[in-house]
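Encoded as structure tokens, the structure appears first; notes follow it.
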Amino acid sequence: MSNRSWKKIILGLIFLVLSIFYTVLFFNKASFGETMTFNIAHLKSLSNVFVSPINFDFWNHSGSQINLFSPWLTILTGWLFVQFNIAYGFSVYLTIITFFTLVSAYFFMNKFHKDTFEALLFAISYTFSLNRLFLVFFNQRLENYLALIFIPMVYFGAHQFFTNRSWKYLLWGEALIVWTSPYLAVAVAMTLIVAFILMPFCRVSHSWKYLRSISINSLKVIILGILTTIGFIGPIFMRLNSKWQQDPMKNFDYLGWFTKLQLPQMQWYLLIAMSGLLLLLILMIFLQSSFAYKVIILEMIPIVCLLILQPRLFQIDISRLIFAFQSIFDFFLIMVLCRMILLVFQESPAVLRLLILLVSIGGLGYVNYSQVKTNTSEQTLKMADSIDYEKFALNYHDAAQNSNNKFLIDGKPERISYYTKGADYWVQYINPQTTKIDIPIQYSSNYQIQINNETVTPKKSAQNTVQLKTNPGKSIIEIHSHYGWLNLSFLLINLFGFILMIYFSLQNIPLKNKKNPENS
């Protein structure tokens with residue numbers, strides 16, 4: 001086995017040990033509040049996602065369309081881990097996510113700059129940053145945490161794309177982010193547009209050959225990007241006329257926090273001096289680094305203004321987009337800081353570099369642990385198995401769960417027996433007269449509804465729930481959810497797009513040819 005293979009094995013073992021240590025040290029002390037409950041309920045509700053995006057067993061049996069509006073392809077990987085044991089399964093899943101984040105950050109930084117020290121420093125700083133910790137512990141969702149695996153891929157792919165080396169990394173990264181966190185995908189696309197505008201200032205782009213090649217590659221990215229994401233974005237565009245919206249996200253108020261700082265005059269002077277020194281170091285990096293780092297530093301300026309001011313555009317809520325830019329800014333800032341450390345210690349011995357890595361691991365670990373330790377909640381991840389995830393309710397673009405699972409008979413609440421299994425919902429109701437019944441599930445046009453084996457057409461109630469007329473006597477109501485033909489076509493096109501992408505990607509893998517005889 002070559003030295004290079006041994007190096008990869010040792011690095012993989014180091015990353016695995018760090019991931020396990022991180023999970024054991026932090027996640028077992030995490031408070032098991034509404035955020036964690038939502039994450040696990042979301043994973044468990046994916047059991048029938050290939051049949052229907054709606055699972056009547058969860059979200060208080062309201063038929064919530066969360067799996068339609070929230071991308072499920074990449075998150076589906078966690079479904080298997082929570083089937084047997086929720087606490088251990090969820091911990092193992094988070095460990096795997098941490099491991100792949102380390103691998104992704106190291107791999108793509110090493111390919112970008114070809115410096116092992118910088119790649120290791122970046123991988124450690126990026127994976128164990130406070131921003132990533134807050135994604136899983138402080139009112140955020142698993143998809144935002146998972147999407148951090150793909151950010152290094154998409155920006156390395158952007159570098160390859162704009163230098164006309166390859167377009168596949170960019171497409172893979174952006175498609176996986178769309179299928180994980182669409183707001184982050186929009187934010188990434190906006191930064192790529194800015195990079196495209198800045199490309200004329202780079203000498204590489206000063207040729208007709210470059211313009212022709214970048215145009216062809218852009219067309220490939222757009223076409224294959226649509227094919228690999230149509231399974232999610234297609235149904236969303238079909239519902240643009242529907243009245244649905246998410247609650248605004250409360251982002252950290254940097255301006256308010258800064259104005260409330262009460263520091264002595266000497267500390268203010270020290271803070272200003274440190275800020276000035278940091279700006280000078282960033283200017284040094286801007287002058288001495290490649291064009292890619294210049295673009296990163298220039299992009300950080302409007303992102304900082306967006307995070308601080310947090311404006312509202314034409315009465316449109318962009319709080320989730322601002323939150324997505326926070327993750328991108330964290331990525332850019334860590335890249336610049338690692339570049340800064342590399343320039344300062346580029347002539348230092350290997351022992352000092354190793355010491356810097358150890359200090360980074362210990363320092364970031366202590367800061368992360370101190371943040372988790374301040375949480376004094378008695379509920380921990382060990383209590384995960386005792387929670388009833390089926391009754392966890394979430395208002396996700398609908399008002400069906402607001403009925404608290406109460407049936408309305410001619411406008412009056414009444415207790416009625418019902419049964420659910422995956423995408424199927426059964427109701428048994430007995431009344432000698434014809435009545436109007438409001439079933440407390442989210443209305444959808446894709447339902448197949450039968451009363452006593454006869455197909456009926458439902459109406460949408462004022463609460464956006466399913467409304468039916470029962471027959472005199474005994475009424476057995478069956479509601480079956482499934483993908484419509486159009487949505488199913490989108491998924492099949494999406495599958496075809498991924499097959500194409502895998503085919504194009506395998507073409508770049510060098511295969512060892514067998515040696516043929518000289519005169520064969």
Side-chain angles (χ1 to χ4, degrees), residues 71 73-74 100-115 118-119 122-123 126-127 146-199 202 204-205 210 213-229 233 289-296 298-300 303 324-325 327-332 334-336 338-339 497-510:
L73 183 65
T74 52
F100 278 109
T101 306
L102 279 167
V103 172
S104 174
Y106 171 80
F107 177 79
F108 290 107
M109 176 55 79
N110 196 34
K111 287 180 70 71
F112 173 65
H113 201 257
K114 302 191 184 303
D115 187 281
E118 184 180 15
F122 173 77
Y126 177 70
T127 306
L146 182 64
L148 296 187
I149 298 176
F150 311 121
I151 291 181
M153 177 193 292
V154 74
Y155 280 110
F156 172 76
H159 178 261
Q160 295 286 92
F161 176 82
F162 287 121
T163 54
N164 263 341
R165 297 177 187 176
S166 176
W167 51 271
K168 300 179 182 67
Y169 280 118
L170 173 62
L171 182 55
W172 271 114
E174 185 69 6
L176 290 172
I177 292 179
V178 168
W179 271 106
T180 311
S181 179
Y183 284 99
L184 182 60
V186 172
V188 168
M190 293 174 68
T191 60
L192 296 181
I193 292 173
V194 174
F196 188 83
I197 295 173
L198 294 174
M199 278 307 296
C202 180
V204 178
S205 63
Y210 174 87
S213 179
I214 203 74
S215 300
I216 294 174
N217 288 340
S218 299
L219 192 61
K220 292 177 181 177
V221 169
I222 293 173
I223 293 175
L224 284 172
I226 293 174
L227 291 179
T228 52
T229 58
I233 63 176
S289 298
S290 62
F291 182 76
Y293 278 96
K294 291 181 172 63
V295 172
I296 288 173
L298 290 175
E299 293 222 37
M300 288 173 65
I303 294 178
F325 274 112
S327 296
I328 296 175
F329 177 76
D330 182 65
F331 174 80
F332 286 164
I334 292 172
M335 276 193 70
V336 172
C338 290
R339 183 64 176 168
F498 275 117
I499 293 174
L500 277 181
M501 274 302 302
I502 293 172
Y503 170 74
F504 288 134
S505 301
L506 289 177
Q507 286 184 327
N508 284 347
I509 298 178

CZ (Phe162) and CH2 (Trp167) are apart, to the nearest 0.5 Å, by 15.5 Å
ring-ring contact (aromatic ring centres under 6.0 Å, His included) with Phe156: which residues, sequence neighbours excluded?
Phe108, Tyr169
My understanding is that only residues two or more places apart in sequence, or in another chain, count here; which of them pass side-chain contact (heavy atoms from CB on, under 4.5 Å) with Ala187?
Leu321, Ala324, Phe325, Ile328
Which residues satisfy the side chain to side chain donor-acceptor pair (under 3.5 Å) test with Ser104, sequence neighbours excluded?
none
Going from OG1 on Thr191 to CZ on Phe196, what distance comes out if it is rounded to the nearest 0.5 angstrom?
14.0 Å
Any heavy-atom pair between the side chains of Thr228 and Val178 that's under 4.5 Å?
no
Of all residues at least two apart in sequence or in a different chain, which pass the ring-ring contact (aromatic ring centres under 6.0 Å, His included) check with Tyr126?
Phe122, Phe331
Which side-chain N or O atoms in residues 216-223 pair as donor and acceptor under 3.5 Å with protein atoms at least two apart or in another chain?
residue : atom : partner : partner atom : Å
Asn217  : ND2  : Ser213  : O            : 3.4
Ser218  : OG   : Ile214  : O            : 2.6

Measuring from Leu148:CG to Thr127:OG1, what's the distance to the nearest 0.5 Å?
8.5 Å
Once you round to the nearest 0.5 Å, how far does CG of Leu500 lie from OG of Ser505?
10.5 Å
So, using ring-ring contact (aromatic ring centres under 6.0 Å, His included) as the criterion, who are the partners of Phe112 when residues are at least two apart?
His159, Tyr293
Excluding sequence neighbours, so at least two apart, what forms side chain to side chain donor-acceptor pair (under 3.5 Å) with Thr180?
Thr74
For Asn110, all residues meeting side chain to side chain donor-acceptor pair (under 3.5 Å), sequence neighbours excluded:
none
Within a strict 4.5 Å, meaning less than it, do heavy atoms of the Met109 and Met335 side chains meet?
yes
Residues passing the side-chain contact (heavy atoms from CB on, under 4.5 Å) test with Phe100, sequence neighbours excluded, are Ile96, Ile149
Might you point out which heavy atoms bring Tyr106 and Ala123 nearest each other, and give the distance in Å?
N-CB, 3.7 Å
Non-hydrogen side-chain atoms of His113 and Arg339 separated by less than 4.5 Å
yes
Pairing residues for Val295 by the side-chain contact (heavy atoms from CB on, under 4.5 Å) criterion, not counting sequence neighbours:
Ala195, Leu198, Phe291, Glu299
Is the shortest side-chain heavy-atom distance between Leu192 and Phe161 below 4.5 Å?
no
Nearest atoms (heavy-atom pairs only) where Ala105 meets Pro152
CA-CG, 4.1 Å
State, yes or no, whether a side-chain contact exists between Phe150 and Trp179 at a heavy-atom distance under 4.5 Å.
no
Holding to side chain to side chain donor-acceptor pair (under 3.5 Å), I want the full list of residues that pass it with Thr229, two or more places apart in sequence or in another chain.
none
Smallest separation among heavy atoms of Ala147 and Leu184, with atom names
CB-CD2, 3.6 Å
With sequence neighbours left out, write down each residue that passes side-chain contact (heavy atoms from CB on, under 4.5 Å) with Ile193, or none if nothing qualifies.
Ile197
Distance from Lys168 atom NZ to Phe504 atom CZ, nearest 0.5 Å?
7.5 Å
How long is the straight-line distance from CD of Glu174 back to CD1 of Ile151, given to the nearest 0.5 Å?
10.5 Å
Take Val194 and Leu298 through the test side chain to side chain contact (heavy atoms under 4.5 Å, CB included) and record every step on the way to the result.
CA-CA 9 Å; Val194 174; Leu298 290 175; over 6 Å; no
